[in-house]
Amino acid sequence: MITFRCYDPSDDGSGGIHKWYRGLSAKFQAEVDGALELLALESSLDGLAEVKPLHGSCEGLTEIKVDFDLDGQEIHIRILGCEGRHKREFILLIGFQKIGHNADYGANCSAAHQRKLGVTRDARRAPFCRFP
């Protein structure tokens, strides 16, 4: 099974990925929850269609793809993260909605790299996730 940790440097659990998640609509939260619940059952994230290692300026990060249909519109949620202390641990660093096929990941990857660096320096910045 995969264990998810969530980037959150706040003292009260209200920041980082939790802040992004709380800002999602209930439907979006349900889709993210469902995707993460299924991924948590896997023995490894390697080779899964919903999980993709990134390249270029995003090198060293992995994206989790949460794609679904809402009233005939395709919705693409992306969660950028990285492997934790071992292969069965994954740290969720930043989430966003991908708009368009050639969406610019630059700013999100830059923020995710900064968060990854913060977690590397202090693992307490990525406690176990409080969702799904």
Side-chain angles (χ1 to χ4, degrees):
M1 293 188 62
I2 302 298
T3 301
F4 289 107
R5 297 179 83 82
C6 287
Y7 172 81
D8 188 346
S10 69
D11 290 333
D12 63 359
S14 67
I17 195 100
H18 293 115
K19 183 177 181 179
W20 165 79
Y21 177 82
R22 280 192 325 278
L24 297 175
S25 71
K27 171 67 173 159
F28 282 38
Q29 285 182 1
E31 293 290 341
V32 168
D33 290 351
L36 294 178
E37 285 175 2
L38 289 174
L39 290 174
L41 298 174
E42 298 289 338
S43 59
S44 169
L45 297 179
D46 295 338
L48 298 176
E50 304 89 351
V51 181
K52 177 182 164 190
L54 298 175
H55 306 285
S57 65
C58 299
E59 185 79 35
L61 299 172
T62 300
E63 74 176 335
I64 294 176
K65 301 184 232 180
V66 182
D67 296 329
F68 58 97
D69 184 83
L70 182 64
D71 300 326
Q73 181 182 4
E74 288 184 36
I75 306 295
H76 306 283
I77 300 290
R78 297 296 182 259
I79 302 173
L80 304 183
C82 61
E83 193 172 285
R85 295 177 190 153
H86 53 80
K87 278 282 221 196
R88 293 194 175 151
E89 186 174 84
F90 191 84
I91 301 169
L92 307 176
L93 297 168
I94 194 166
F96 64 98
Q97 183 175 350
K98 177 183 169 189
I99 300 177
H101 292 291
N102 295 320
D104 180 17
Y105 279 55
N108 290 304
C109 285
S110 178
H113 278 301
Q114 289 299 314
R115 290 177 172 196
K116 181 180 176 181
L117 183 61
V119 169
T120 301
R121 290 181 182 155
D122 183 358
R124 293 174 295 176
R125 292 183 179 197
F128 293 106
C129 293
R130 292 182 289 122
F131 68 91

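In this text the structure is predicted, and so the values were computed from the model without any measurement.
Within the 4.5 Å cutoff, the side chain of Ile64 has heavy atoms near those of the Phe4 side chain. Two residues are said to be in side-chain contact when any heavy atoms from C-beta on lie closer than 4.5 Å; Tyr7 and Leu92 fail this criterion. Using a 4.5 Å heavy-atom cutoff, the side chains of Leu61 and Leu93 are in contact.
Applying the salt bridge (charged side-chain N to carboxylate O under 4.0 Å, His left out) rule to pairs touching residues 67-79 yields Glu63-Arg78, Asp67-Arg78, sequence neighbours excluded. Within the structure, the salt bridge (charged side-chain N to carboxylate O under 4.0 Å, His left out) test picks out the following pairs touching residues 5-16 (sequence neighbours left out): Arg5-Glu89. Within the structure, ring pair (Phe, Tyr, Trp, His ring centres under 6.0 Å) contacts touching residues 24-50 (residues at least two apart or in different chains) are Phe28-Phe68.
Here the side chain of Arg88 pairs no donor or acceptor atom with the backbone of Thr3 at under 3.5 angstrom. In this structure a side-chain-to-backbone donor-acceptor pair under 3.5 Å is present from Gln29 to Tyr21.
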Show me the donor-acceptor pairs, under 3.5 Å and distance only, between side chains in residues 48-60 and residues at least two apart or in other chains.
none

Under 3.5 Å, which donor-acceptor pairs do the side chains of residues 119-129 form with other protein atoms, sequence neighbours left out?
residue, atom, partner, partner atom, Å
Thr120, OG1, Lys116, O, 2.9
Asp122, OD1, Arg124, N, 3.1
Asp122, OD1, Arg124, NE, 3.0
Asp122, OD2, Arg124, NH2, 3.3

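Both Ile79 and Phe90 belong to a common hydrophobic cluster when Ile, Leu, Val, Met, Phe, Trp and Tyr are linked at side-chain heavy-atom distances under 4.5 angstrom. Taking hydrophobic clusters as Ile, Leu, Val, Met, Phe, Trp and Tyr residues chained together by side-chain heavy-atom distances below 4.5 Å, Ile75 shares a cluster with Leu24. Trp20 and Val66 fall within a single hydrophobic cluster, where Ile, Leu, Val, Met, Phe, Trp and Tyr side chains are chained together by heavy-atom contacts under 4.5 Å.
For Cys82, there are no disulfide bond (SG atoms under 2.5 Å apart) partners, not counting sequence neighbours.
To the nearest 0.5 Å, atom NE2 of residue His18 and atom SG of residue Cys6 are 4.0 Å apart.
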